[in-house]
Undergrad: 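Below is a structure I'd like to ask you about.
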Amino acid sequence: MGKLKSERHHWWPECVSRHWVDPDGGVHWLRPNGTVIRSTPDNFGVIGNGHHIKLSSDPSTPSPWDESFEAAFQTADSNFPKVIAWLEGLHRAPAMFDQPLAARIIRQAPTDEQFAQLIECVISLAVRSPMQRDLAVRAAEHFRGEIEPKAR
């Protein structure tokens, strides 16, 4: 593949974070350990080279097996704005918490394309979530021992 250039990857797309901005322009992430990370939408979920797989013992030296899986998320990332606009345009009823659940659900009729885009986006969030990344690192550490922070 050749040398991978350094990139800013996101486990959470910027276009989604912009919809959760607080009055001060920040977004927050509640970590599993209870700590809160505050960031701006463009920096939220950023992982330097987080979609690169580098197999050299020295991360600064490329190996012939280095790979990037950034392209695997391109379809979802390019569809997020359309999915968000579609979801924002859906008919909503006022909250009726005194009604049974079935009475509170308003059926929607997505096109096959809208449904496929929604599924692609949701799956991309689940696959690249911090929990999934942590599980992958823990599995690797189980077999080879502790992994240095830069190699994580």
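Side chains are part of it too, since the values below use all heavy atoms of this structure and drop only hydrogens, waters and symmetry mates. No experiment lies behind these values; they were computed from the predicted model shown.
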Undergrad: Once side-chain hydrogen bond (donor to acceptor under 3.5 Å, both in side chains) is applied, do any residues pair with Asn33, and if so which ones, sequence neighbours excluded?
TA: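 Per chain and number, Asn33 pairs via side-chain hydrogen bond (donor to acceptor under 3.5 Å, both in side chains) with Thr35.
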Undergrad: Just so I know, are the side chains of Arg18 and Pro41 near enough to count as touching, which here means a heavy-atom distance under 4.5 Å?
TA: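 They are in side-chain contact.
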Undergrad: Restricting to side-chain hydrogen bond (donor to acceptor under 3.5 Å, both in side chains), what partner residues turn up for Glu113, sequence neighbours left out?
TA: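 Per chain and number, Glu113 pairs via side-chain hydrogen bond (donor to acceptor under 3.5 Å, both in side chains) with Gln117.
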Undergrad: Excluding sequence neighbours, so at least two apart, what forms side-chain contact (heavy atoms from CB on, under 4.5 Å) with Arg104?
TA: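 Testing Arg104 for side-chain contact (heavy atoms from CB on, under 4.5 Å), a comparison that skips the adjacent residues, returns Met96, Phe97, Gln99, Leu101.
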Undergrad: Suppose we screen for side-chain contact (heavy atoms from CB on, under 4.5 Å). Which residues come up paired with Thr40, at least two apart in sequence or across chains?
TA: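 Thr40 satisfies side-chain contact (heavy atoms from CB on, under 4.5 Å) with Asp42, Asn43 only.
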Undergrad: Kindly list each side-chain donor-acceptor pair under 3.5 angstrom involving residues 20-30, sequence neighbours excluded, with atom names and distances?
TA:
residue	atom	partner	partner atom	Å
Asp22	OD1	Asp24	N	2.9
Asp22	OD1	Gly25	N	3.0
Asp22	OD1	Gly26	N	2.8

Undergrad: Look at atom CD of Gln74 and say whether more than 12 heavy atoms of other residues, nucleotides or ligands are closer to it than 6.0 Å.
TA: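 Counting neighbours around CD of Gln74, more than 12 heavy atoms of other residues, nucleotides or ligands fall under 6.0 Å, so yes.
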Undergrad: Going by heavy atoms in the side chains, are Val16 and Pro13 under 4.5 Å from each other?
TA: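 They are in contact (side-chain heavy atoms under 4.5 Å apart), so the answer is yes.
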Undergrad: Could you tabulate the donor-acceptor pairs under 3.5 Å formed by side-chain atoms of residues 81-91, not counting sequence neighbours?
TA:
residue	atom	partner	partner atom	Å
Lys82	NZ	Asn79	OD1	3.0
Trp86	NE1	Gln114	OE1	3.4
Glu88	OE2	His19	ND1	3.3

Undergrad: Considering residues at least two apart in sequence or located in another chain, which fulfil the side-chain contact (heavy atoms from CB on, under 4.5 Å) criterion with Val122?
TA: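 side-chain contact (heavy atoms from CB on, under 4.5 Å) check on Val122 returns Leu118.
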Undergrad: side-chain hydrogen bond (donor to acceptor under 3.5 Å, both in side chains) with Thr75: which residues, sequence neighbours excluded?
TA: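 So Thr75 forms no side-chain hydrogen bond (donor to acceptor under 3.5 Å, both in side chains) with any residue.
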